[in-house]
Amino acid sequence: KNGSPTCLVIVGETGSGKTSLLNQLENKLFDSPSLIILELQEKLYSESKLTDFLKIKLGYPDASSLTEIEIRIMHERENRICILENLHHSFLRIVNGLDALEKLLLLITRTQQKIFWIVTCDQQAWHYLDKVMNISRNFCKVLTLGSISAEEMKSILLKRHQVSGYELDFEIPKSWPQN
């Protein structure tokens, strides 16, 4: 809110709660007019694909390049919050497969005075990117979510279910092998 540059990455395994954490933040902390949610659902490994995606999602449909998008962001009057899920969909493990990701990181770095970037990334991809290009240097804070054991998951589910007021019973199917 005070204009200090900041960006956060949330790293975790699939199912570790990255999206659930973001949903809680979205519901409790951020007012919706300033919030932009970007979800990379498919691989955007070329600069042109990334530009096409960002210009629509960020509201600059006639922008022709990432540089133009950056200039427009920096001329905005209001600061915004941008949640970018699935950073691991912005690269390929091939020669020149990191080009789009490098451009995206440059955009994030250059616009963090106008946009509070919150990014999520798969843990394995994050470790790979940190070894290959030291990606953590691009973020002010790296939040790593731990994995949950089966017992912890069962405990959480049972506690959450108790709030509902309904009784929960686990039945063993008739076709279940008897040992």
Side-chain angles (χ1 to χ4, degrees), residues 1-12 14 17-126 128-130 132-145:
K1 287 185 176 182
N2 68 7
S4 298
T6 189
C7 52
L8 164 73
V9 63
I10 302 170
V11 178
T14 302
K18 297 182 299 285
T19 301
S20 295
L21 177 60
L22 290 176
N23 290 338
Q24 290 297 315
L25 288 172
E26 181 184 342
N27 292 334
K28 297 195 188 254
L29 300 177
F30 306 136
D31 42 30
S32 55
S34 67
L35 180 64
I36 304 164
I37 298 176
L38 309 172
E39 186 175 356
L40 299 177
Q41 295 180 337
E42 59 184 53
K43 293 285 186 184
L44 297 177
Y45 51 87
S46 72
E47 185 176 351
S48 62
K49 285 184 176 189
L50 183 63
T51 301
D52 290 343
F53 174 77
L54 290 175
K55 70 183 189 179
I56 299 303
K57 295 292 186 174
L58 293 174
Y60 310 114
D62 57 337
S64 59
S65 67
L66 290 174
T67 303
E68 189 175 342
I69 291 171
E70 175 190 333
I71 291 168
R72 290 188 184 191
I73 289 170
M74 295 309 291
H75 285 93
E76 290 284 334
R77 297 184 85 158
E78 299 292 322
N79 291 348
R80 297 190 281 178
I81 299 163
C82 184
I83 294 173
L84 174 63
E85 288 199 69
N86 303 323
L87 183 69
H88 50 274
H89 286 310
S90 63
F91 76 98
L92 291 177
R93 294 177 188 182
I94 60 171
V95 175
N96 298 325
L98 297 173
D99 291 349
L101 174 60
E102 289 173 343
K103 301 283 186 187
L104 177 59
L105 293 172
L106 187 61
L107 177 72
I108 289 171
T109 302
R110 290 182 172 173
T111 60
Q112 61 183 308
Q113 286 188 299
K114 297 301 277 180
I115 297 179
F116 172 29
W117 290 93
I118 303 172
V119 178
T120 68
C121 187
D122 176 73
Q123 191 167 13
Q124 288 180 339
W126 183 260
Y128 170 78
L129 293 170
D130 220 18
V132 171
M133 63 186 296
N134 194 16
I135 192 171
S136 16
R137 71 187 156 118
N138 295 284
F139 294 90
C140 303
K141 179 70 178 160
V142 177
L143 175 64
T144 303
L145 302 179

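The figures here come from the full heavy-atom set of this structure, side chains too, leaving out hydrogens, waters and symmetry mates.
Under the side chain to side chain contact (heavy atoms under 4.5 Å, CB included) criterion, Asn96 pairs with Asp99, sequence neighbours left out.
Within a 6.0 Å sphere centred on OH of Tyr45, heavy atoms belonging to other residues, nucleotides or ligands number 12 at most.
Using a 4.5 Å cut-off on side-chain heavy atoms (C-beta onward), Val142 and Trp126 make contact. The side-chain heavy atoms of Ile135 and Leu87, taken from C-beta on, include a pair separated by under 4.5 Å. A 4.5 Å side-chain heavy-atom check between Phe116 and Asn79 finds every atom pair outside the cut-off. Considering only heavy atoms from C-beta on, Leu106 stays 4.5 Å or farther from Leu66 through its side chain. Leu107 is not listed as a side-chain neighbour of Arg110, based on a closest heavy-atom distance of 4.5 Å or more.
Applying the salt bridge (Lys or Arg N to Asp or Glu O under 4.0 Å) test to pairs two or more places apart or on separate chains, those with a residue in residues 58-68 are Asp62-Arg72, Glu68-Arg72.
For Glu76 and Lys114, the salt-bridge test fails: no basic side-chain N is under 4.0 Å from an acidic carboxylate O.
When only modelled atom types and interatomic distance are considered, Glu78 and Ser34 share no side-chain donor-acceptor pair under 3.5 Å.
With values rounded to the nearest 0.5 angstrom, Gln112 atom CD is found 9.0 Å from Asn138 atom CG. Ile36 contributes atom CD1, which lies 9.5 Å from atom CD1 of Ile81 (distance to the nearest 0.5 angstrom). Between atom CD of residue Gln124 and atom CG of residue Leu129 there is a gap of 12.0 Å, rounded to the nearest 0.5 Å. With rounding to the nearest 0.5 angstrom, the OG1 atom of Thr51 is 10.0 Å from the CG atom of Leu104. One finds the CG atom of Asp122 at 6.0 Å from the NZ atom of Lys18 (value rounded to the nearest 0.5 Å). Within the model, atoms CZ of Phe91 and CG of Leu50 stand 14.0 Å from one another, a figure rounded to the nearest 0.5 Å.
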Chi angles and distances behind the side-chain contact (heavy atoms from CB on, under 4.5 Å) call for Leu44, Asp52: CA-CA 10 Å; Leu44 297 177; Asp52 290 343; over 6 Å; no
Kindly determine whether Phe139 and Leu105 satisfy side-chain contact (heavy atoms from CB on, under 4.5 Å), including the steps that lead there. CA-CA 9 Å; Phe139 294 90; Leu105 293 172; 3.9 Å; yes
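A side-chain contact (heavy atoms from CB on, under 4.5 Å) with Thr120 is found for one member of Leu8, Leu84, Ile10, Val11 and no other, namely Ile10. Tested against Arg80, the residues Ile73, Thr111, Leu35 include a single side-chain contact (heavy atoms from CB on, under 4.5 Å) partner, Ile73.
Across every non-hydrogen atom of Ala100 and Ser90, the tightest pair is CB-O, 4.0 Å. Between Gly17 and Leu145 the shortest heavy-atom distance is C-CD1, 3.8 Å.
The main-chain N or O of Leu40 is found under 3.5 Å from a side-chain atom of Asn86 such that the two form a donor-acceptor pair. The main-chain N or O of His88 is found under 3.5 Å from a side-chain atom of Lys43 such that the two form a donor-acceptor pair.
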